[in-house]
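Worksheet: the structure to be examined is printed underneath.
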Protein chains: 2
Amino acid sequence: MVQKGVATLTDVTDSATAKGEQTRELILSTALRLFREQGYGKTTMRVIAAEAGVSVGNAYYYYSSKEHLMQAYYDHLQAQHREAVVDILESEKSFTKRLGGVLHSWLEVSAPYHEFAGTFFKNAAEPKSPLSPFSEQSRPARDASVEVFRQVVDGSDLKLAPDLKAELPELLWLMQMGIVLFWVHDDSDGLRRTKALIDRSVPLVDKLLRLTRIPGVRGVTNDIVGLVRSIKA
Amino acid sequence: MVQKGVATLTDVTDSATAKGEQTRELILSTALRLFREQGYGKTTMRVIAAEAGVSVGNAYYYYSSKEHLMQAYYDHLQAQHREAVVDILESEKSFTKRLGGVLHSWLEVSAPYHEFAGTFFKNAAEPKSPLSPFSEQSRPARDASVEVFRQVVDGSDLKLAPDLKAELPELLWLMQMGIVLFWVHDDSDGLRRTKALIDRSVPLVDKLLRLTRIPGVRGVTNDIVGLVRSIKA
DNA sequence: CCGCCTTCTTGAACATGTTCAAAACGTCGG
DNA sequence: CCGACGTTTTGAACATGTTCAAGAAGGCGG
């Protein structure tokens, strides 16, 4: 009765045991393909069901809404990004290269979906939606994402006050959200503008962080850290 | 044939001449009332039409989509805010008080709509949507909003490098977008958390801006200004 | 007053996300 | 193999934003 679709979020179990699991996968992969091929808006539930060779009702049995299919897509992306980033995090020490690498890597992974990402964003913006990056339901994905940025910081040559260092990953995650927002609106050739944004922001962030060592700046830094903490509470 | 609804955005002509103008107004006011009373999602076009005493098709003759009705609502809010802010901008000189006043004022004006603002935001987040704060269609409203922040800056005691001063209004507008995002997700009593956010961010922004006078910070400031400019282009 | 053109109005029809009651299927104790 | 019960599957029905072909209203030159 209760939709099982939600449970899939962290489902990494081998597909041996489950029965309908195959059908679920089939529906998902069909949906993702169609989303990619013709965008989210133009892909109807009827077509997804038809191409997957099941009935409309059956699709809803596994995914309680079109949004849930989108959610699955989101998780898929996230996982791909984490994989794509391993190499960079292992080989690079420079903070700017690590951060830039991670951000550009996200761009590459997400590129095929740029066209219909807008619709995703639309749904994500609704506070009550489980798709919202701030929602409880997407906490696992969010935490995983923040974790990547923690690795970016921790494995780098960056020297920072412990307070700031602790909050920085979350701030970088927020930065990425901003970049995503820009990206969604970016229709330049080959995402030129978003790439430029990353290439200019990364050194800027680096500069800013190094500035925090100047005595006069220390105070504001602490204020920012305090603000961030109070927001999270 | 082409929808006249769009033209209304900047339509300030007296209602004497037009014929269907009365019908248009009737539909709009009915829609706004219903949006307020039962939210955007639960208000159907059929009900709007019925309550306004016209046919569904007729509503579409004047407003080419439900979103267009929302757009009208948005403009309404914006105008209210501009009015509410006049007093503060005339009486106060302190930058923090001006900025804080404007932000809190926005909060007050928007409070009655907080509950269904989420739905509004959802639609606004879609890049292609005319409701997006970054879209071409909402440029007039956006410009008007930025203009308010320009007044905040210009009429204040703030001393800044001309470059920064020129870009600051747009940055403050962006800050407000951030606050709105927070606000939409804020379900604390009496919007306590959003108010706290404003009260903590405003002095912080002030501090930050004053920091830009420190020689070592100047460089980063210029970088930021450059980045903002390149984004706008 | 008549024909004609523009403006306005209508409601049925359409597209699509979603629901639901019923049926098919599978499994397991007997 | 039987029957009962949980799981899966079905497709028709529903709700609602949107379109469209047809008609009504209103004015205007003759």
Rounding to an integer number of Å, can you tell me how far M70(A) CE sits from dT18(C) P? 11 Å
Need to verify one output field. Residue with the more 5' nearest nucleotide on DNA chain C, G57(A) or G41(A)? G41(A)
Checking all strands, does V56(B) fall into the base, sugar-phosphate, or nothing category for heavy-atom contacts under 4.0 angstrom? base
With no hydrogens and no angle check, do the side chains of D199(A) and H104(A) hold a donor and an acceptor under 3.5 Å apart? yes
Result for side-chain contact (heavy atoms from CB on, under 4.5 Å) between V102(B) and one of V202(B), L107(B), V148(B) points to V148(B)
Are Y61(A) and dT8(D) close enough that a side-chain N or O sits under 4.0 Å from OP1 or OP2? yes
Establish, with yes or no, whether the OP1 or OP2 oxygen of dT18(C) is under 4.0 angstrom from a side-chain nitrogen or oxygen of Y60(A). yes
Nearest-0.5 Å distance that lies between atom CE in M175(B) and atom CG in L204(B): 8.5 Å
Parallel, tilted or perpendicular: which describes the rings of F35(B) and Y40(B), with under 30° parallel and over 60° perpendicular? tilted
Does the side chain of N58(B) get closer than 4.0 angstrom to OP1 or OP2 of dT10(C) through an N or O atom? yes
Phosphate oxygens OP1/OP2 of dT9(C): is one of them under 4.0 Å from a side-chain N or O of Y62(B)? yes
Below 4.0 angstrom from OP1 or OP2 of dC8(C), is there any side-chain N or O of T23(B)? no
